[in-house]
Structure formats: C-alpha cells, structure tokens
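A short write-up of the structure that comes next.
It should be emphasised that the depicted structure is a prediction, and the values quoted were computed from it without experimental measurement.
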Amino acid sequence: MQENLSLYHIFYVTGKTGSISRAAKELYISQPAVSRAVQKLEHNLNTLLFKRNSRGVALTSDGKILFEKIQAAFELVDEGERAILHNGSRNVPQLRIGTSTTLCRYVLLPRLKPYILSHPQVRISISCQSTYQTLELLDEEKIDIGLIGRPHNLQGYYFRPVMTVSDTFVSTRQYLKNLQELYPGEPLFHNAVFMMLDEENISRQTINARMREHHMEPAHILEVSTMDLLIQFAETGLGIAGVVRQFVEPELKNGILCQIPLDFDFPDREIGFVCRKKDRGLPLLQYFFPDIKKDRKLLVSCPLMY
C-alpha cells in the first residue's frame, strides 16, 4: 500500500481536474508521468480507472468508487493541516471588538487607525450588533471589548466614556415646506413620516422615552437599519429622521438638512469603551483604558472625524 500512496495522490488530482494536462500542471510533473502513474495504479488494482473523452478523462465505475474513498482521505489530511495552522495562529495576539454599525462607522474606525499603527502585530476582528447584544457577548467572553452607548446597568463592567452625543430630528427644508402646504396648521406628528432605528437601538429608545414624556406619538414610522441610511433618506426628502446630532454636523452646517424645532431637547448620552472589570488591565486593552494621565492625550489624538 505504501508504494501506492503517491499514485493515489496523482489519481486523486486527475479525477478532481478531469484532465491529465491540468493534473500535470497542478502536480508540477509532466503529462507522461501522470499517465504512467495512472496506468501503474490500474495495473496494481487490476481494473480500469479512467476512460478518455473529448474533454479529457472521466472516471469509470470502479474509478468513482476509489475516488470517493480517496477524496475523503485527502480531505481529512487537509483538515489536519488547517487544524495545525489554526493552532499556530493562537500565538498571534487577537483583539475582538463588538459595537453597533453606527458607532463602528462614526466612532470606532477613526480611533482604530492609531491603535493599528502602534499594534501592527495584533489581529483585530469586529462584530456589529446592538449594545445589549454586545454586553451579552462580553458576558460570554466571545469579545474582549465593546464600544456602546452607556446602558443603565453596568454592574460587572468597566466603562470609559469617549464622547457625549445627543439625538435630534432632521429633514430637508423642502420636506417641511411640502408638509405645511399639504396639511396647513396640523402638527408634524400627525402627517410626517418619522424614520428611526429599530427598537433595540439605544438612540431609538431614548427618542421613544422622551416623546412619551411629552405625549407625542408619530402616526407614521419607518424603521431603518443604519444611521447612514437614515441620513441618506432624510437628504432624499423621504421624511424626518431621528439621528445623532453629532453625526450630521456637516449636513446641518451646509444646509442640506435642518433640525426640527421641538418644545423639548433630548438628553445627552455617553458613548464609551466597555470591558469586563477583570480584563481592564490586559495589555491589549490598555490603549482603550489608559490611566488618567494618558486619558486626555487619547481623546485629543483620536477626535471624532466628520
């Protein structure tokens, strides 16, 4: 059997490619060498493994039986090699980050650039989900650090704020003008389309709570999956969007969007990095949880990028 191992490999590649010439290229040997190996294996097994056709070679019935067994064996070899490579990769430092799509786009990515420059050897992975799901992943130790809006309960976690944000409603001036012409004198909440993130998002929950306090309930709500889409939909004139004000500063400054005047303001909210308390001192997390002297330097060197 041992003398047939190399022959089995050549047979496997030939059966997989369906061509002696392609098998020769993949194996880096000559076509005659492939043909001789196949013929020798056929002689050893006293059967015909291939038949020629216009496109190359095709497996015979015996060839198909042998190929299925050989394929399973070589797949196990490949699996073993991948397992060894994966085991070796465990020595590479890894940082697993969890955050929402919005915070990843507007807050995390600008702060990752200097981290990557100072930690080029670290392999970084990012998963996007709601704040509460991020905290669940921390509990399950499936991520190392999260970037979230401060929740009400942080027991068991260490939270370091990096910025303060507030919510607002925005739209185009033309959209407001159209509403006034169509429904003169009627409240916006009766006729406008209010576009907001889904109910699991802290920004949406903050907006909902504030509106309930003032007995305001929009008649028409359109849920949108990301903050970027909310902003784009508002710019298109599809409705009034509930967004984080700091993330639409450019659009407000250049007049593409305007804030909707309300009788109340939305409370400020803290955005920050969070980790399990027991992990705060880990070397890979020190950049995100520096001591007090370094804290101010980090905030200055990693401003929010508009």
### Message
If you apply the rule side chain to side chain contact (heavy atoms under 4.5 Å, CB included), what do you find for Cys275 with Asp144, and how did you get there?
### Response
CA-CA 7 Å; Cys275 70; Asp144 306 301; over 6 Å; no
### Task
Kindly indicate, with the supporting measurements, whether the criterion side chain to side chain contact (heavy atoms under 4.5 Å, CB included) is fulfilled by Phe11 and Glu42.
CA-CA 10 Å; Phe11 162 76; Glu42 289 177 330; over 6 Å; no
### Check against side chain to side chain contact (heavy atoms under 4.5 Å, CB included), Arg269 and Thr206
CA-CA 9 Å; Arg269 297 185 290 113; Thr206 302; 3.2 Å; yes
### Query
Given Leu112 and Ile124, is the side chain to side chain contact (heavy atoms under 4.5 Å, CB included) satisfied, shown in steps?
CA-CA 10 Å; Leu112 271 185; Ile124 297 174; 4.3 Å; yes
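In this model, a donor atom of one side chain and an acceptor atom of the other lie less than 3.5 Å apart for Tyr157 and Asp139. For the residue pair Asn208 and Glu199, a side-chain donor N or O sits within less than 3.5 Å of a side-chain acceptor on the partner. If you check the side chains of Gln129 and Thr134, you find a donor sitting under 3.5 Å from an acceptor. In this model, no donor atom of one side chain and acceptor atom of the other lie less than 3.5 Å apart for Ser21 and Gln31. Using modelled atom types, one finds no donor on one side chain facing an acceptor on the other under 3.5 Å when comparing Gln205 with Ser203. Side-chain N/O atoms of Asp228 and Tyr106 include a donor and acceptor closer than 3.5 Å. No side-chain N or O of Thr102 forms a donor-acceptor pair with one of Ser100 less than 3.5 Å apart.
Taking the six-membered ring where the residue is Trp, the centroids of Tyr115 and Phe288 are separated by under 6.0 Å. A distance of 6.0 Å or more separates the ring centres of Phe159 and Phe273. In this structure, the ring of Phe266 has its center less than 6.0 angstrom from the ring center of Phe169.
Annotation: side chain of Thr164 is not in contact with side chain of Ile271 (no heavy-atom distance under 4.5 Å). You'll find the side chain of Leu109 stays beyond 4.5 Å of the side chain of Lys113, heavy atoms only. Residues Ile231 and Val248 are in side-chain contact: their nearest non-hydrogen atoms beyond the backbone lie under 4.5 Å apart. Using a 4.5 Å heavy-atom threshold, the side chains of Ile29 and Leu27 count as touching.
Within a 6.0 Å sphere centred on NZ of Lys177, other residues, nucleotides and ligands contribute 12 heavy atoms or fewer.
Heavy-atom minimum distance, Leu103 versus Leu147: CD1-O, 3.6 Å.
Within the model, atoms NE2 of His215 and CD of Glu213 stand 9.0 Å from one another, a figure rounded to the nearest 0.5 Å. Atom CG of Leu257 is separated from atom OH of Tyr175 by 13.0 Å, given to the nearest 0.5 angstrom. One finds the CD atom of Gln121 at 12.0 Å from the CD atom of Gln94 (value rounded to the nearest 0.5 Å). Taken from CG in Asn191 to CG in Leu179, the straight-line distance is 7.0 Å, to the nearest 0.5 Å. Atom CG of residue Leu230 and atom CE of residue Met227 lie 6.0 Å apart, to the nearest 0.5 angstrom. The CG atom of Leu66 sits 6.5 Å away from the CG atom of Leu41 when rounded to the nearest 0.5 Å.
Glu141 has no carboxylate O lying under 4.0 Å from a charged side-chain N of Arg96, or vice versa, which leaves the two without a salt bridge. A salt bridge links Glu223 with Arg204: the closest approach of a Lys/Arg side-chain nitrogen to an acidic carboxylate oxygen falls below 4.0 angstrom. Using a 4.0 Å cut-off between charged side-chain N and carboxylate O, Glu26 and Lys16 make a salt bridge. A salt bridge is defined here as a Lys NZ or Arg NE, NH1 or NH2 lying under 4.0 Å from an Asp or Glu carboxylate O, and Asp167 with Arg210 fails to meet this definition.
When atom types are taken as modelled, the side chain of Ser130 and the backbone of Glu200 share no donor-acceptor pair closer than 3.5 angstrom. Looking only at distances, no side-chain donor or acceptor of Gln174 sits under 3.5 Å from a matching main-chain atom of Gly237.
With Phe289 as the aromatic partner, Arg280 does not meet the cation-pi criteria of under 6.0 angstrom to the ring centre and within 45 degrees of the ring axis.
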